[in-house]
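Right, one structure below, let's go through it.
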Amino acid sequence: MTPAPVIIAVDGRSGAGKTTLAIELATRLRAHHKVSLFHLEDIYPGWNGLFAGIDRYVATVLGPLRNGERAEWVSWDWARHYDGDTRITQPAEIVIVEGVGAASQAARPLVDAVIWVESSEGDRRRRALDRDGGTYEPYWQTWADQEREWLAQDPVRQHADVVVSNAADGTAPSDVLQALTYLPALAPVMAPEVSARRGLRLHSVRIEALPDAATLFDSLYGESTNAVWLDSSNADVYHRYGREAGHGTENASVAVAAERCRFSILADDGGAFGQSVQHASGMSRVTVGCATVTLSGPFFRWLDRVWGLRTLRAPDGYESSFLLGWLGYLGYELKRETGGSDVVSPTPDAALLFAGRAVVIDHAERCAWLLALDAPDTGDWLEAAREAVRAAVVPSQAAAQPAPSAVPHFSARDTEPGYKAKVAAAQQEISEGNTYEVCLTTTLTADDPGLDPWATYLALRKRNPAPFASYLKFGGLTVASTSPERFLRIESGGGMRAEPIKGTRRRDRDPFRDVELRADLESSLKDRAENIMIVDLLRNDLSHFAVPGSVTVSRLCAIESYATVHQMVSTIDAQLQPGAPRAEAVAAAFPAGSMTGAPKISTMDILDRLEGGPRGVYSGAIGYFSLNAATDLAVVIRTLVMNDDGERPPSLSLGVGGAVTSDSEVQAEYDEIRTKAHGVLSTLGAEFP
């Protein structure tokens, strides 16, 4: 008897392409493993024998193989319509069982992974008849009725680890092989395949031209289902002040802010390495081409498995920390994994895409970098991207579209009296010693009147330029953000930085009044107290994985000015401990303390009670997790979320909030959320409800 093999069941209706997939998958796995293959069509006792065949398969084939023993089974002679000869299937390191019923209810406890293959009924019938000719045609309906009866009792697809939408274009085997590497149950046996995924080669091309980012994104990714643009939409600050801005307090702050907006990153999940993941309520769905693998468990644990190892090095002259990898957002409700309670959100708790190729614009050097992992299609993509960059050097009309014409009508989760009552309730919690600071938020929502997401974002970025602006699209979900706030950066070498914002004043067209507002913020004891409390919180968050003694505050309560607001910003730096798990370091600081209050965990519970609903994408983080183990994440504020998931009417949402302390004035807190909403609402032509 040999050790128990890893058993993979490939199931699906007849004609879905299971046999071809199983054979091709076995061929690829044989590069590193001994593989045995069993086809259920060899054991079904006739055209009416689906149920009996499943029973035979489980008893005489699957049972022995599960125990590491050879399986002796009786085949079916389709020409004589009777039992055929006795055959033997030997166990191996990996056994693939394929056919209708391979992952039936009785079989599932005996297999390690279930692959469900599906395609349209028309395609399935055509493939099945093309494969078996006229012998199958008279029995097609008989067999289809048995499948329907079986699946009504046993919904196998719901229990599948991997679901394959098989277009029969030859991509399924490679996509499924990549998807299988994510399954924890297969991790030990698939170590060679996982290692191959990490042995990557980078191609890079530097182009001495500064393209218009909006034009370039529209050209390369305008038709992509999933795409991300991490957009330094106030990059002109870098050109106006650049490295010369270093004299005087205000200029020093401008220089620090300018460094945040040096690079813009544009990518989708196309190409041989393209993947995406969406996580909701403890379940992650990773899509690799035509295959989707479903995993249960915490998102940060999954992230730790796929990110955090230095697998790539930067090309000479390249100064960005992004070297391809995962890009997207982490939603606020991921707090369930970091000490917060479990709240269900209408949007995914996280959505990321894996970019195996991307364009990075260096606004300081006025050049563009093309980055791509080595793959058969890399050369073609590099050439197409090079031409797109050159064509985008002169801005096209894509970058100058007018503001959206359809005006949405927002409603608020809280009325003015209701929000003020919550401010008072937060102050009561503070007076009772349950918290020091409560970052209270509310949500504005509207039916989508038919806004074009792309035009809407272009209008937002023009009116509200920001260093961490971003445009994300994941199918019907679009995130249009003009965030000025960094949540957390971890450099490849382990340097950590958080830059919380606490304290806001509106901008004024009158330059003298504008200066007064800035000075008022700078001298505000209340705003300084809010900011300092969050600084203390973040010092604690970073210290969990920092080298002892490395946590420092390099800027405290500095004032930065943006298109619509003045803000008070501090900077906390630290050095990550060598070998520390980077995803856990991110989790230790998530969600951003500037969006919760202090102390964080108890205050999040208070917020759940007061706010009475999920925040969704708002208050989470947007950014990247790079293949050189670096990350740079912004806080999701000043952000419009457009959701058209096909299940509910298309909707818009905008989160706004402010920090409540014992010294807060109720009216001032309400005025603050109106100020923070103004930049987005005014762009849409909408009013605060």
Side-chain angles (χ1 to χ4, degrees), residues 1-12 18-19 21-44 51-75 85-117 154 156-164 173 176-197 284 286 291 293-297 301-302 305:
M1 187 175 76
T2 62
V6 168
I7 301 179
I8 301 171
V10 182
D11 208 333
K18 302 180 299 299
T19 302
L21 173 61
I23 292 172
E24 292 294 330
L25 186 60
T27 299
R28 284 162 171 76
L29 287 169
R30 284 182 178 126
H32 300 288
H33 312 278
K34 292 184 177 180
V35 181
S36 183
L37 185 59
F38 174 78
H39 302 285
L40 266 74
E41 67 177 20
D42 294 333
I43 204 171
Y44 302 128
F51 288 89
I54 292 173
D55 290 342
R56 285 189 178 192
Y57 147 71
V58 173
T60 65
V61 178
L62 198 54
L65 291 176
R66 175 76 281 170
N67 293 324
E69 302 169 350
R70 71 176 192 170
E72 294 187 10
W73 50 278
V74 177
S75 65
D85 55 353
T86 298
R87 299 184 186 178
I88 294 174
T89 298
Q90 296 286 354
E93 184 184 13
I94 297 175
V95 175
I96 299 176
V97 290
E98 170 274 318
V100 181
S104 60
Q105 185 174 10
R108 285 196 292 274
L110 304 177
V111 303
D112 298 285
V114 173
I115 301 171
W116 176 263
V117 188
D154 186 3
V156 177
R157 190 188 190 282
Q158 296 178 16
H159 301 277
D161 299 295
V162 180
V163 174
V164 184
V176 170
L177 185 61
Q178 286 193 69
L180 291 176
T181 64
Y182 286 111
L183 295 177
L186 303 190
V189 73
M190 298 199 71
E193 285 76 14
V194 173
S195 297
R197 190 174 67 187
S284 295
V286 184
V293 56
T294 301
L295 307 165
S296 62
R301 183 184 301 166
W302 175 86
R305 290 183 59 207

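Residue indices begin at 1 and follow the sequence shown. The figures here come from the full heavy-atom set of this structure, side chains too, leaving out hydrogens, waters and symmetry mates.
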message: Please evaluate residues V100 and L40 with respect to the criterion side chain to side chain contact (heavy atoms under 4.5 Å, CB included), reporting the C-alpha separation (whole Å), side-chain torsions for both, the decisive distance (0.1 Å), and the verdict.
response: CA-CA 7 Å; V100 181; L40 266 74; over 6 Å; no

query: After noting the C-alpha distance and the side-chain angles of L37 and I23, does the key distance pass the side chain to side chain contact (heavy atoms under 4.5 Å, CB included) rule?
result: CA-CA 8 Å; L37 185 59; I23 292 172; 3.9 Å; yes

field: Verdict with supporting geometry, L29 and E193, side chain to side chain contact (heavy atoms under 4.5 Å, CB included)
entry: CA-CA 9 Å; L29 287 169; E193 285 76 14; 3.9 Å; yes

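For the side chain to side chain contact (heavy atoms under 4.5 Å, CB included) test, residues two or more places apart in sequence or in another chain that qualify with A160 are V114, W116, V163. Residues forming a side chain to side chain contact (heavy atoms under 4.5 Å, CB included) with L110 (at least two apart in sequence, or on another chain): V58, L62, R66. Every side-chain hydrogen bond (donor to acceptor under 3.5 Å, both in side chains) that S284 has, sequence neighbours left out, goes to H279. Legend: residues meeting side-chain hydrogen bond (donor to acceptor under 3.5 Å, both in side chains) with E72, ordered by chain and number and at least two apart, are R70. For R301, there are no salt bridge (Lys or Arg N to Asp or Glu O under 4.0 Å) partners two or more places apart in sequence or in a different chain. Not counting sequence neighbours, the partners of R157 by the salt bridge (Lys or Arg N to Asp or Glu O under 4.0 Å) test are E118. For S75, the side-chain hydrogen bond (donor to acceptor under 3.5 Å, both in side chains) criterion is met by D85, not counting sequence neighbours. For T89, the side-chain hydrogen bond (donor to acceptor under 3.5 Å, both in side chains) partners are W73, not counting sequence neighbours.
Using a 4.5 Å heavy-atom threshold, the side chains of V162 and Y182 count as separate. Between H39 and I96, every side-chain heavy-atom pair lies at or beyond the 4.5 Å cut-off. No side-chain heavy atom of T181 sits under 4.5 Å from any side-chain heavy atom of L186. A heavy-atom distance below 4.5 Å is not found between the side chains of D11 and I115. Inter-residue side-chain proximity for V35 and V95 is flagged as unmet; no heavy-atom pair is nearer than 4.5 Å. For the pair L295 and P184, the minimum side-chain heavy-atom distance is below 4.5 Å. By the 4.5 Å heavy-atom criterion applied to side chains, H33 and R28 are not counted as neighbours. Taking 4.5 Å as the limit, every side-chain heavy atom of R56 sits out of range of all side-chain heavy atoms of V61.
Of all heavy-atom pairs spanning P5 and D112, the tightest one is O-OD2, 3.7 Å. Taking all atoms of both residues into account, the shortest heavy-atom contact from A107 to A102 is CB-O, 3.4 Å. In this structure, P91 and G68 approach most closely via the heavy-atom pair CG-O, 3.5 Å. The nearest pair of heavy atoms linking P109 to A106 is CD-O, 3.5 Å.
Side-chain atoms of Y57 do not come within 3.5 Å of backbone N or O of G101 as any donor-acceptor pair.
Distance CG/L21 to NZ/K18: 10.0 Å, rounded to 0.5 Å. In this structure, the separation between CG on L180 and CG on D161 is 8.5 Å, given to the nearest 0.5 Å. Rounding to the nearest 0.5 Å places CD1 of I94 at 10.5 Å from NE2 of H32.
Pairs of residues two or more places apart, or lying in two chains, that qualify as salt bridge (Lys or Arg N to Asp or Glu O under 4.0 Å) and include a residue from residues 90-109 are R108-D154.
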